[in-house]
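To start, the structure itself, in structure tokens.
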Amino acid sequence: MNLRQINDLWDEYKKKYGLDMDIRISAVVYDAEKYVEGFFNLLELLDGKYILHLNPRFHLYSDSYARFILFHEFTHFYDFINCPFDKSEDLFIYMNAYSEFHACRVTLARFMERLTIKTVHVNKIQIPGPFNEISIRNLLEEGLWRVKVSFEQFMNSLEPNDFIMTFRQLMYLLGYISLFENDEVLLKQTLEFAHLDTDDFVDLYHALKDIEIDEIIRLTRKIYDVAFLIYLRGIFRKKYDKDILPDDELEQITTDNYEEYKNILDKRAAKRAA
């Protein structure tokens, strides 16, 4: 697709979702990484550069899958245009939480027209894939495994980017399952399987579904704070053995006092080394 064709489809999207604004995509660049189908760069959007980045192999995809990708990316553009926040930190949270959920929900609904597991055989109904169609069950199962693997990797590596990936993959999956009548069952199974079954994630799902933006921001911040605390305590345990930092004292480390603890523990380590 060329830029004119993409903007024609963007006009179709705007009409379908009631966006009465004369905003156009200014350019399309085929430079997305190998496993990324498309994206808008948020910093470019903030600078007024409405550039859609697509995978170099995009021209090989079927028309239905190309539309599948574009409707997902159009939703991010739509959410950016309608974002209620001026603060950049809130904007980033909004785009990484609600907009990822919203984009997957819109994309699946666009092709499946509000299907329910009670009325549709999830193994047989097909949706577009890059080269072959895939079943809804396959889509959900792949998403679930990505969430689980990403979170386990974070717990093992303590790399913050692994949690960011976990959270993003979960938003994708929650967007998909929000379309089904038994979504509460799917939510429970998803969170338990991924070891993320906490009240915060359950509450976040309901806030996402009800578009309670302030609650989405609050809960997302809280979830990221918990992940940062896991990261902090993991790093402290790797650096200090139990003779210097007993387990019960490790549990006392928080995001507010960790710098003070580091100074105390460094002095303990130096004293023992002497």
Side-chain angles (χ1 to χ4, degrees), residues 33-36 39 41-44 46-47 85-101 143-174 190-205 207-208 213-274:
E33 296 180 7
K34 183 176 181 180
Y35 297 107
V36 177
F39 67 93
N41 183 306
L42 190 52
L43 295 178
E44 289 178 343
L46 287 169
D47 198 33
F85 299 109
D86 293 327
K87 293 181 180 179
S88 59
E89 186 176 352
D90 288 342
L91 171 62
F92 276 87
I93 294 173
Y94 170 84
M95 295 300 293
N96 285 314
Y98 173 70
S99 190
E100 295 294 0
F101 169 90
L144 182 55
W145 277 102
R146 288 192 186 103
V147 173
K148 180 181 175 63
V149 169
S150 296
F151 185 63
E152 289 177 349
Q153 188 167 316
F154 167 69
M155 295 300 288
N156 290 326
S157 69
L158 295 176
E159 288 290 339
N161 282 339
D162 289 332
F163 185 78
I164 293 171
M165 179 58 69
T166 298
F167 188 82
R168 183 178 296 120
Q169 293 292 339
L170 182 62
M171 293 302 101
Y172 295 162
L173 189 56
L174 296 186
T190 295
L191 296 179
E192 286 180 352
F193 184 74
H195 306 298
L196 296 169
D197 47 330
T198 68
D199 290 342
D200 288 338
F201 279 105
V202 173
D203 292 344
L204 177 59
Y205 173 74
L208 289 164
I213 301 300
D214 289 340
E215 189 69 355
I216 292 169
I217 300 298
R218 184 187 73 80
L219 287 166
T220 301
R221 286 181 183 276
K222 184 178 179 183
I223 287 167
Y224 268 88
D225 284 345
V226 171
F228 183 58
L229 186 57
I230 292 172
Y231 163 78
L232 272 180
R233 290 176 177 173
I235 293 297
F236 269 71
R237 172 51 69 224
K238 284 184 176 182
K239 184 173 182 180
Y240 306 104
D241 62 33
K242 293 185 180 182
D243 290 338
I244 294 176
L245 177 60
D247 286 339
D248 59 342
E249 197 169 355
L250 177 65
E251 295 300 314
Q252 302 304 313
I253 294 175
T254 69
T255 56
D256 293 324
N257 67 16
Y258 73 92
E259 291 182 343
E260 179 182 351
Y261 256 102
K262 182 180 182 304
N263 291 332
I264 293 171
L265 295 170
D266 284 343
K267 289 178 181 178
R268 285 183 193 172
K271 184 176 181 181
R272 191 176 74 167

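Keep in mind it's a predicted model, so treat the numbers as computed, not measured. Scope of the values below: all heavy atoms of this structure, side chains included, with no hydrogens, waters or symmetry mates.
Using a 4.0 Å cut-off between a side-chain N of Lys or Arg and a carboxylate O of Asp or Glu, Arg272 and Asp241 qualify as a salt bridge. Look at Asp266 and Lys262 and you find a salt bridge, because one of the NZ, NE, NH1 or NH2 atoms lies within 4.0 Å of a carboxylate O, short of that distance. Look at Asp243 and Arg268 and you find no salt bridge, because none of the NZ, NE, NH1 or NH2 atoms lies under 4.0 Å from a carboxylate O.
Residues Asp90 and Arg221 form a side-chain contact, since some pair of their non-hydrogen atoms from C-beta on lies under 4.5 Å apart. Considering only heavy atoms from C-beta on, Leu173 comes within 4.5 Å of Thr190 through its side chain. You'll find the side chain of Arg168 reaches within 4.5 Å of the side chain of Met165, heavy atoms only. Residues Asp214 and Phe85 form a side-chain contact, since some pair of their non-hydrogen atoms from C-beta on lies under 4.5 Å apart.
For the pair Lys238 and Asn156, the tightest heavy-atom approach, listed with the atom from each and the gap, is NZ-O, 4.1 Å. Between Leu219 and Ala207, the shortest heavy-atom contact is CD1-CB, 4.4 Å. When all heavy atoms are compared, the tightest approach of Leu245 to Ile253 is CD2-CD1, 4.1 Å. Nearest approach of Ile216 to Ala97, heavy atoms of both residues: CG2-CB, 4.0 Å.
Aromatic ring pairs are classed by plane angle as parallel below 30°, tilted from 30° to 60° and perpendicular above 60°; the pair Tyr231 and Phe228 is parallel. Using cut-offs of 30° and 60° on the angle between ring planes, the pair Trp145 and Phe193 is perpendicular.
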(request) Apply the test salt bridge (Lys or Arg N to Asp or Glu O under 4.0 Å) to residues Asp248 and Lys242: give CA-CA distance (whole Å), side-chain angles for both, the deciding distance (0.1 Å), then the verdict. (result) CA-CA 10 Å; Asp248 59 342; Lys242 293 185 180 182; over 6 Å; no
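Applying the side-chain hydrogen bond (donor to acceptor under 3.5 Å, both in side chains) rule to Asp162 yields the partners Gln153, Ser157; only residues at least two apart in sequence or on another chain are considered.
If you take CZ on Arg218 and CD1 on Ile93, they are separated by 12.5 Å, rounding to the nearest 0.5 Å.
Using a distance-only test at 3.5 Å, with no hydrogens or angles considered, no donor-acceptor pair links the side chain of Asp47 to the main chain of Leu43.
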